[in-house]
Amino acid sequence: MATSAVLIGARARRAVAARIRPRALVAWRPAAWLTLSVGAAVVASLLDALLLERKMGLFRGGFLANAALPTLGGRLAFAAVSLCADVALVAPLAGLALMAARRVRLGAWAGRFVALAVALVPIAAFDFVSYELASFLGAGADLSLMFQLVRLDVRELLAVGGSYLLHPAGIGLCGALVLALVTWRLHRVHPAPEPRRRASWRARLGVAAALVGCVAVMTAGRVASEAIDTGLRHKASGALFGLLVTTVTDVDRDGYGLLQLPPDPAPLDARVHPYALDVPGNGIDEDGVGGDLPAAASHYAEGPAAPPPWRARPDVVLILLESVRADAVGARLGGRPITPVLDALAARGITARHAYSHNGFTYQSRFHLLSGSVINGRGGTTLIDDFKRQGYRTAYISGQDESFGGQEFAVGFDRAEFVYHARTEPQRRFTAFATPGSIGLPFTVVEEQVERMLAAGDERPLFTYVNLYDTHFPYRHDGVKPLVTDISLVTRGKISRGSAAAIVPGRREELRAMYLNTMSNVDRAIGAIVAAVTRARGRAPAVIVTSDHGESLFEGGFLGHGYALNEAQTRVPLVVSGLGMAVHEPLGHAEVRDLIWEALSRDPAAQAPTLVQDPERRVFQYIGELDRPRRIGWRTLAGQVVYDFKAGTTLEAEGGPERLARGAVGPAVPLIQRWEAMMLARAARRQH
């Protein structure tokens, strides 16, 4: 009786299980995998389309939307190409997940849920992070350029943006826990696994051919339409397969394939590729832009390595500010002046309105200023060496780590007689991180070290370089006093410490007020430094104050520097007092060294600086590394000409660089030829 009851119970359970888990559910078939893959790809494509429209106006156009698909045909073409790209990415991921689920005998429902998650989560994560990046840094944010500027050091990216990664990281962790719980629950309710069935070689070949076809359709769409290509570069599948296609199609192995930007002008000739040295007058356009470099335009030279004898020997204080915009000097907030010290120095001397950095990143701009060179063509000497040769005592006091940038951008700070920078005492930093590009000391420490240097006493004339770092992101620290406002914004990772609001685009005006308050503190520190030198030396020094670059404070939605050749990021203050520098505008950082030479070589009585505007002058600028720039530009009093290597087009402006109009390459040919000549001179210097 007992045995019969057990048998009857087992049969009943099997019958119930059969009703709950029909054979169609547990039997794995290619059609089920295909349905799952296409469904996931459709979801991914729709999500991407919504974000692309919101981020960059891909379909309707709009502000800063250089590529758009306003027609129905264009939108349908993008939808088809986007879906093909997503199927090519999603299908292999889903297939691998299904195979892994069967291998560990995961329940059928749980296995399919895992496959769907594995297919969609990477795309969703890519979209979320890129959208957060665009919303914070602006649509022009470029991760590859960021890595280039921080010398491929991931620590530097985390030091600046790590707190802003906490939000997506927390969401990702919570999402992973939810996925794990759902998978566990599905497996408990429906434990029967997928049966292991091997697909035929014909089925496998067909699947592989279909996926290759999807990649081919994606590639054809990108080649045919700039707007489709732009959209796909902002998709996870487009970025991944674009890299794959570029690698496979780089037949001549010069580093540039079919989808590379800038494109390879000669796919079968390794001598011709973007950024190649253009040999002048040989009839070949090696870099593919601007035509062959004429021999008459191939000469480029910079000044000598050593100065002539100086007739004047005043004490000189050169102050380099960090991330200070030109419009911060002389600004007012609530009727109160932000920079009364700099305003007073300018009243006794000059303040330039058209001074620019050649590049919007610190170690490059610092090098241009101190070396007087853009291509490092002056024998590796800098202002430190100039003043030492003329019998000066030299001091180098900096609130940042002066080793950042490597040997190529070394400024010889270690050749000064008194040296102090952030790496000397990193424990005194106000920054959260001590990585070379992120560590910063407060102005109080810099003031203290100036006093310490002056206490030693010396009858020789004094040259002092001072760097004040406080105005770098996040634009304030605990030592900053509320001189003009008490607004205090923090990075997202510090919100939990109190009720302070985060630095986000919606608080642009508050951010500007906080930034100007820190600048007011820095201005007061400049006054203290100049006063200390005056007391110790018994006479007022000559003073030069400028900044390494500007800073975008969410203009156009962008925060930071180094990514655009606009006014906010490249126009810098220049205040000169007590030194007869003849400044001709527009002026670039690399000209300051020669202007100091000229001023000190003249009659010692001629100490009044002068300011002249010259409409014929041009300041060369670039984004990224000089050998492989994203953009190059010329700045004049009338406007700006910029050549975009990735887009292969010229941007022109008259009367304001914020209104750049895209056009043909023609107007940029002289600019391109100047850059090509600079690269030839740079290569010749390296060979020697």
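These figures come from a predicted structure and were not determined experimentally. Heavy-atom basis, side chains included; hydrogens, waters and symmetry copies ignored.
- Side-chain contact between V490 and P474: absent, with no pair of heavy atoms (C-beta onward) separated by less than 4.5 Å.
- Nearest heavy-atom pair, A568 versus E555, reported as atom, atom and distance to 0.1 Å: CB-OE1, 4.3 Å.
- Proximity of F473 to I503: side-chain heavy atoms (C-beta onward) are separated by under 4.5 Å at one or more points.
- The closest donor-acceptor contact from the side chain of E510 to the backbone of R508 lies at 3.5 Å or more, if one exists at all.
- You'll find the side chain of L244 reaches within 4.5 Å of the side chain of F241, heavy atoms only.
- Atom CG of L89 and atom OG of S37 lie 10.5 Å apart (nearest 0.5 Å).
- Using a 4.5 Å heavy-atom cutoff, the side chains of L511 and L559 are in contact.
- Between the side chain of T71 and the main chain of G74, a donor-acceptor pair closer than 3.5 Å is present.
- Within a 6.0 Å radius of CZ in R512, other residues, nucleotides and ligands contribute 12 heavy atoms or fewer.
- In this structure, the side chain of R75 engages the main chain of F59 through a donor-acceptor pair within 3.5 Å.
- Side chains of Y475 and E551: a donor on one and an acceptor on the other come within 3.5 Å.
- Separation of atoms NE2 (H472) and NE2 (H477) is listed at 12.5 Å; rounding is to 0.5 Å.
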| query | When you look at L232 and V81, which way does the side-chain contact (heavy atoms from CB on, under 4.5 Å) test go after all the steps? | reply | CA-CA 9 Å; L232 287 177; V81 172; 3.4 Å; yes
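- The heavy-atom pair separating L47 from A124 by the smallest distance is CD2-CA, 4.5 Å.
- Tested against V642, the residues I623, T650, L651 include a single side chain to side chain contact (heavy atoms under 4.5 Å, CB included) partner, L651.
- Between E509 atom CD and M514 atom CE the span is 13.0 Å, to the nearest 0.5 Å.
- Side-chain N or O atoms of T431 include one that pairs as donor or acceptor with a backbone N or O of G440 at under 3.5 Å.
- From L277, atom CG reaches atom CE of M679 across 8.5 Å, with rounding to the nearest 0.5 Å.
- For F645, the ring-ring contact (aromatic ring centres under 6.0 Å, His included) partners are Y275, Y643, W675, not counting sequence neighbours.
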| query | Stepwise, does the side chain to side chain donor-acceptor pair (under 3.5 Å) test hold for H549 with T570? | reply | CA-CA 5 Å; H549 49 73; T570 65; over 6 Å; no
| field | Trace of the side-chain contact (heavy atoms from CB on, under 4.5 Å) decision for F554 with R507 | value | CA-CA 9 Å; F554 289 125; R507 297 188 178 274; over 6 Å; no
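- Taking 4.5 Å as the limit, every side-chain heavy atom of V251 sits out of range of all side-chain heavy atoms of P267.
- Counting only distance, with no hydrogens or angles, the side chain of R222 and the backbone of I228 share no donor-acceptor pair below 3.5 Å.
- Contacts of D264 classified as salt bridge (charged side-chain N to carboxylate O under 4.0 Å, His left out), with partners at least two apart in sequence or in another chain: none.
- Annotation: side chain of P265 is in contact with side chain of P274 (closest heavy-atom distance under 4.5 Å).
- Of all the heavy atoms in L211 and A88, the pair that sits closest is CD2-CA, 3.9 Å.
- Pairing each heavy atom of Y622 with each of P629, the nearest pair is CB-CB, 4.3 Å.
- Judged purely by atom type and a 3.5 angstrom limit, D48 has no side-chain atom pairing as donor or acceptor with the backbone of K235.
- A donor-acceptor pair is defined here as one N or O able to donate and one able to accept, closer than 3.5 Å; such a pair exists between the side chain of T249 and the backbone of L258.
- The backbone N or O of G624 lies less than 3.5 Å from a partner atom in the side chain of N359, making a donor-acceptor pair.
- When all heavy atoms of C214 and C84 are compared, the closest pair comes out as CB-O, 3.3 Å.
- Nearest heavy atoms, A115 versus A97: CA-CB, 3.5 Å.
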| request: Evaluate the criterion side-chain contact (heavy atoms from CB on, under 4.5 Å) for residue pair W109 and V189; output intermediate values, then yes/no. | output: CA-CA 9 Å; W109 277 108; V189 175; over 6 Å; no
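- At least one donor-acceptor pair under 3.5 Å links the side chain of T183 to the backbone N or O of L179.
- Atom NZ of K646 is separated from atom CD of Q260 by 9.5 Å, given to the nearest 0.5 angstrom.
- Separation of atoms CD1 (I123) and CG (D127) is listed at 7.5 Å; rounding is to 0.5 Å.
- The side-chain heavy atoms of P263 and L261, taken from C-beta on, include a pair separated by under 4.5 Å.
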| query | Would T649 and D644 count as a side chain to side chain donor-acceptor pair (under 3.5 Å) if you check the C-alpha gap in whole Å, the side-chain angles of each, and the deciding distance to 0.1 Å? | reply | CA-CA 6 Å; T649 57; D644 188 319; 5.5 Å; no
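- Counting heavy atoms from C-beta on, the side chains of V245 and T219 come closer than 4.5 Å.
- No side-chain donor-acceptor contact under 3.5 Å links R105 to the backbone of R102.
- Within a 6.0 Å radius of CZ in R188, no more than 12 heavy atoms belonging to other residues, nucleotides or ligands are found.
- In this model, no donor atom of one side chain and acceptor atom of the other lie less than 3.5 Å apart for H561 and Q569.
- A salt bridge links D269 with R271: at least one charged nitrogen is closer than 4.0 Å to a carboxylate oxygen.
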